[in-house]
Amino acid sequence: MDHAASARVVPPTGFTARLTLVTAAAMAFLAVFALALSLATDRLATRWSDALARSATVRITAPAEEMDTRLDSVMKVLGETPGIRTFRALDDSEMDALLQPWFGADLPLDALPLPRLVELNESAQGIDAKGLQLRLDAEAPGAVLDDHTRWRRPLVAAAERMRFLGILSLLLIGGAMAGMITLAAQAALAANVQVIRTLRLIGAQDRFIALAFVRRFTGRGLAGAAAGTALGMIAVAFLPAANDAGGFLTGLGFSGAGWLWPLFIPVLAGIVAYGATQMAAMRMLKGIR
Amino acid sequence: MIELQNVAIGYSGHDLISEMSLRLVPGSFHFLTGPSGAGKTSFLKMCYAEMLPTAGQMALFGRDVHSINRDERAMMRQRIGVVHQDCQFLDHLSVAENVALPLTVSGRSVHGQELRELLSWVGLRSQADALPPELSGGERQRAALARAVMMSPDILLADEPTGNLDWEMSLRLLTLLVELNRMGKTVVIATHDMNLIRQAKAQVSARVLRISGHRLQLAGADL
């Protein structure tokens with residue numbers, strides 16, 4: 001079929017054409033941010049839940065002469081607790097490394113009544129933090145379990161919820177774009193009902209007529225979304241870079257291969273526009289013999 | 001080409017014409033007359049399957065019209081040229097593009113030479129690049145005729161083709177229609193212009209169908 005010819009039969013429409021283009025661009029722009037949000041929260045949730053969630057620390061405070069007995073008791077308790085994969089007491093040089101950023105290099109470690117730290121890694125099964133604390137209280141008074149997951153878990157849940165909202169936003173944006181393009185296509189079809197009648201009368205098949213409109217709206221959807229995506233990506237690229245101190249907000253953006261994801265937005269917009277216009281055109285044609 | 005047996009057509013349960021029995025054979029020339037509102041246009045619409053019979057049997061190119069699907073109907077319309085009362089052009093396309101539109105929509109390529117010859121035949125060679133709204137009534141009718149015959153159809157239907165034309169232009173259009181009939185096309189012209197019918201009878205063996213009292217009758221030779 002002569003595609004250029006089929007495109008010519010639909011009269012040029014200035015205003016709705018620009019409107020479709022601009023709306024598709026705006027939707028794509030929003031989609032880029034929703035996508036950036038989803039990917040950033042995804043990274044965050046993964047980082048938080050993987051890196052530190054399965055580690056915990058037991059802090060032992062005791063008079064210097066009792067420290068070793070307490071440590072032995074703690075090690076004994078930990079050895080009998082199910083759900084712990086590894087555990088070990090931090091030695092002096094590790095303590096030094098931990099404290100150095102706070103107190104400086106020439107810290108007389110021996111002279112200070114420092115607590116001893118035991119680092120433990122949970123197995124996949126996990127530990128019963130409450131039960132362990134109760135046993136520690138009984139067998140080694142002054143030993144406190146610092147369970148990192150306790151404060152990380154709500155953050156991971158929040159990040160996962162954000163990721164869900166981001167994906168939901170993407171779906172809503174896609175749906176809104178489909179609706180908008182359907183409305184624009186329907187308006188164009190209704191405005192051109194006489195053209196469609198004439199085409200039917202001179203022997204045009206439905207697919208020729210539908211193609212004429214589908215081409216136009218798919219083209220607009222695609223072009224608008226491409227422009228919107230480009231602007232969105234530029235805007236994301238110029239967000240301040242993520243750094244260690246930044247935390248969540250400055251982490252919004254794409255990284256590495258993540259930059260390829262937004263390129264799917266115009267393609268999806270084109271597919272959505274194609275489907276929406278095809279359906280609108282076929283529905284319209286049903287009423288014309 | 002078109003066969004009717006006890007066919008009725010009408011709108012919303014009300015019959016406009018009923019008990020029509022007729023055979024339009026290849027190469028025949030028919031006029032269709034009757035008072036305004038009698039159903040001339042509806043009869044023509046039935047001939048290109050825009051309206052379907054509400055009763056009786058109708059065959060178009062040997063096919064029951066109720067059994068043809070949308071695409072088949074489109075294919076049949078490529079074999080039926082229609083000159084509408086109001087022409088129905090695409091106003092944003094030039095006269096030449098409008099005339100070539102039946103080729104375009106059927107996916108065939110347009111030969112410039114053929115198109116120019118056709119436009120010359122209807123006397124619109126110099127208006128080829130004009131837009132339809134810029135044409136006079138007679139020019140529009142002739143452009144519509146050119147579009148109707150672009151696909152070299154088997155049947156040519158014309159609805160009041162001379163309605164807006166002066167006598168000289170009417171004769172010119174009639175001559176074109178008679179020429180087509182001599183080339184073997186089946187021609188049906190709806191008109192209430194008796195002078196036109198008399199003029200045609202002098203050139204071709206035309207038969208006259210008259211709609212009156214909700215019936216289609218073959219009029220006598222006394223016109």
Side-chain angles (χ1 to χ4, degrees), chain A residues 1-21 184-185 187-220 277-289, chain B residues 41 44-52 65-66 68-94 96-110 131-133 144 146-155 157 159:
Chain A
M1 194 172 285
D2 189 343
H3 289 253
S6 107
R8 288 269 293 143
V9 301
V10 184
T13 45
F15 183 65
T16 47
R18 279 197 296 277
L19 206 58
T20 314
L21 214 61
L189 287 162
N192 290 305
V193 68
Q194 197 50 53
V195 167
I196 295 169
R197 274 182 202 289
T198 303
L199 291 172
R200 273 301 290 178
L201 289 182
I202 60 169
Q205 296 192 338
D206 286 350
R207 59 175 168 272
F208 175 89
I209 301 170
L211 181 70
F213 287 90
V214 165
R215 269 178 56 93
R216 180 159 297 187
F217 281 93
T218 306
R220 284 176 196 167
T277 319
Q278 182 75 25
M279 271 165 58
M282 284 306 174
R283 204 165 42 232
M284 172 89 178
L285 281 163
K286 246 180 222 163
I288 295 171
R289 253 204 256 281
Chain B
T41 299
L44 293 181
K45 280 185 176 172
M46 177 184 72
C47 289
Y48 58 86
E50 166 133 20
M51 278 178 84
L52 293 180
V65 286
H66 287 289
I68 55 178
N69 65 30
R70 292 181 64 83
D71 281 351
E72 287 168 343
R73 187 181 300 140
M75 299 304 283
M76 284 185 178
R77 283 176 183 166
Q78 293 175 9
R79 300 172 62 187
I80 305 173
V82 186
V83 180
H84 295 93
Q85 211 167 354
D86 52 1
C87 297
Q88 304 196 353
F89 294 115
L90 302 192
D91 286 344
H92 65 288
L93 298 181
S94 72
E97 281 177 297
N98 265 288
V99 168
L101 206 54
L103 285 176
T104 311
V105 302
S106 60
R108 277 169 240 194
S109 55
V110 181
L131 293 178
R147 187 182 66 184
V149 301
M150 188 75 222
M151 297 284 280
S152 187
D154 300 317
I155 304 175
L157 308 171
D159 193 1

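Owing to the predicted nature of the structure, the values given are computational and were not obtained by experimental measurement. In what follows, chains are A, B, ... by sequence order, proteins preceding strands, each numbered from 1.
Neither the backbone nor the side chain of Arg79(B) has a heavy atom closer than 4.5 Å to any heavy atom of chain A. Neither the backbone nor the side chain of Ile209(A) comes within contact range of chain B; no heavy atoms are under 4.5 Å apart. Heavy-atom distances place no part of Ala148(B) under 4.5 Å from chain A, backbone and side chain included. Residue Leu101(B) touches chain A through both its backbone and its side chain, counting heavy-atom pairs closer than 4.5 Å.
The side-chain tip of Arg220(A) points at the ring of Phe217(A) from less than 6.0 angstrom away and within 45° of straight on.
Most heavy-atom pairs under 4.5 Å with chain A, from the set Arg73(B), Gln78(B), Glu72(B): that is Arg73(B). By number of non-hydrogen pairs under 4.5 angstrom with chain A, the leading residue of Glu97(B), Met51(B), Met76(B) is Glu97(B). Of all the listed residues (Asp91(B), Val110(B), Leu52(B)), the one sharing the greatest number of non-hydrogen pairs under 4.5 Å with chain A is Leu52(B). Ranked by heavy-atom pairs shorter than 4.5 Å toward chain B, the options Asp206(A), Val195(A), Leu199(A), Asn192(A) are led by Asp206(A).
Counting heavy atoms from C-beta outward, Arg147(B) and His84(B) have side chains that approach closer than 4.5 Å. Using a 4.5 Å cut-off on side-chain heavy atoms (C-beta onward), Arg289(A) and Arg200(A) make no contact. For the pair Thr198(A)/Phe89(B), no side-chain contact is recorded, criterion being any heavy-atom separation below 4.5 Å from C-beta on. Side-chain contact between Thr104(B) and Arg8(A): absent, with no pair of heavy atoms (C-beta onward) separated by less than 4.5 Å.
A salt bridge links Arg207(A) to Asp71(B): one of the charged nitrogens lies within less than 4.0 Å of a carboxylate oxygen.
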